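Keep in mind that this is a model prediction, so the values were computed, not measured. These values consider heavy atoms only, across backbone and side chains, with no hydrogens, waters or symmetry-generated copies.
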Amino acid sequence: MKALTLITSSHRNGFTKKIIDRITIGIKDAEGTNEVLFLDDFDIKYCTGCRSCQKGGGCVLDDDYNKILDKIRQADYFIFTAPIFYNDIAGHSKMFLDRLGAPNYDPDLTIKPTKTLLMITHMSKNINPFVIENTHRCLASGNFQVNKILDIGDLMMDSTLEEWVLEDYEDIGYELEEYEVIPYKLDLESATL
């Protein structure tokens, strides 16, 4: 398995990276690879809502977004990490998701169905489940088939990651492909007024 991880947190050596390092050990134990990218290393612009992508041909913005998408297209598995700083995923994480609409309007640019791990990190006892549901929905709209969701909150409250806890993430990395896809169904009746 060839995995690709996109870390959207600006904390390059924080909890997210420590957990991803352990997941990577598990992936390698299963004879796979995991390339780790930091969103901060790329020039990604905000979606302007111009709707040019709806005419096909992708996004008109000239930045590094397509470089990330090309790497995702070459991978068998995608790991998306998003921090919550206040109430919802951070703006730079959402910026990546907002641009997922562009490849969906052009069959030549569409992302193949790709199994995905969604990891949400925050410093609270719990978060509004809508945050996870909405992030899952955004990924599903980009053809990502989420088969594992990690809500890392309570763990971070302790400010330490015990060795025995980190070892569990190696197991997750080893078993990534074995998890069943979590279906996403948008309930418009409860989501609209």
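- Linking Ile, Leu, Val, Met, Phe, Trp and Tyr residues whenever their side-chain heavy atoms come within less than 4.5 Å leaves L69 and V60 in two separate clusters.
- D40 and H92 share no side-chain donor-acceptor pair at under 3.5 Å.
- Heavy atoms of other residues, nucleotides or ligands lying less than 6.0 angstrom from CG of N13 number 12 at most.
- Salt-bridge annotation for D70 and K67: absent, with no side-chain N of the basic residue lying under 4.0 Å from a carboxylate O of the acidic one.
- Residues K17 and R12 are not in side-chain contact: their nearest non-hydrogen atoms beyond the backbone lie 4.5 Å or more apart.
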Subject >> Residue pair Q145, T114: steps toward the side-chain contact (heavy atoms from CB on, under 4.5 Å) verdict >> reply: CA-CA 6 Å; Q145 300 178 329; T114 305; over 6 Å; no
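- Contact record, T8 with S93: OG1-OG, 2.6 Å, taken as the closest heavy-atom pair.
- The hydrophobic clustering, which links ILVMFWY residues whose side-chain heavy atoms are closer than 4.5 Å, places F85 and F15 apart.
- Looking at M1 and L176, their side chains come closer than 4.5 Å, going by heavy atoms from C-beta outward.
- The closest side-chain heavy-atom distance from L150 to Y169 is below 4.5 Å.
- Ring geometry, F78 versus F96: the interplanar angle falls from 30° to 60°, so the pair is classed tilted.
- Separation of atoms CD1 (I44) and CG (L39) is listed at 5.5 Å; rounding is to 0.5 Å.
- Annotation: side chain of L100 is not in contact with side chain of N143 (no heavy-atom distance under 4.5 Å).
- In this structure, K148 and I172 have side chains that are in contact, with non-hydrogen atoms separated by less than 4.5 Å.
- Closest approach of L97 and C138 over heavy atoms only: CD1-CB, 3.9 Å.
- Cluster membership check: V36 shares its hydrophobic cluster with L166, using side-chain heavy-atom separations under 4.5 Å among Ile, Leu, Val, Met, Phe, Trp and Tyr.
- With a 4.5 Å cut-off on side-chain heavy atoms, I20 and N34 count as touching.
- Contact record, H136 with L118: N-CD2, 4.0 Å, taken as the closest heavy-atom pair.
- Taking a 6.0 Å sphere around NZ of K55, one finds it holds 12 or fewer heavy atoms contributed by other residues, nucleotides or ligands.
- What you find for F38 and L6 is that their closest heavy atoms are C-CD1, 4.5 Å.
- Contact check for L61 versus R99: side-chain heavy atoms found under the 4.5 Å cut-off.
- With respect to the salt-bridge test (charged N to carboxylate O, under 4.0 angstrom), the residues K45 and D64 do not qualify.
- Between I111 and G142 the shortest heavy-atom distance is CB-O, 3.8 Å.
- The hydrophobic cluster containing I120 also contains L37, counting ILVMFWY residues as joined when their side-chain heavy atoms lie under 4.5 angstrom apart, directly or transitively.
- What you find for N147 and L117 is that their closest heavy atoms are OD1-N, 4.4 Å.
- Judged by distance alone, with hydrogens and angles left aside, the side-chain atoms of T135 form a donor-acceptor pair with the main-chain N or O of V131 at under 3.5 Å.
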**OP:** Could you go through the side-chain contact (heavy atoms from CB on, under 4.5 Å) check for D21 and I23 one step at a time?
**Re:** CA-CA 6 Å; D21 286 346; I23 288 173; over 6 Å; no
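- The list of salt bridge (charged side-chain N to carboxylate O under 4.0 Å, His left out) pairs with a residue in residues 164-184, not counting sequence neighbours, reads R22-E170.
- A single hydrophobic cluster is not seen to contain both F130 and I89; linkage of ILVMFWY side chains at heavy-atom distances under 4.5 Å, directly or through other members, places them apart.
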Subject >> K94 and D88: CA distance, side-chain angles, deciding distance, side-chain contact (heavy atoms from CB on, under 4.5 Å) verdict >> reply: CA-CA 9 Å; K94 182 73 169 66; D88 203 345; 5.8 Å; no
Original post:
Step by step, would you call Y184 with V146 a side-chain contact (heavy atoms from CB on, under 4.5 Å)?
Top reply: CA-CA 9 Å; Y184 186 83; V146 176; over 6 Å; no
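- For the atom pair E35 CD and I79 CD1, the distance stands at 12.0 Å (nearest 0.5 Å).
- For K115 and Y77, the positive end is not near the middle of the six-membered ring at less than 6.0 Å and at most 45° from its axis.
- Between H122 and I152 there is no side-chain heavy-atom pair separated by less than 4.5 Å.
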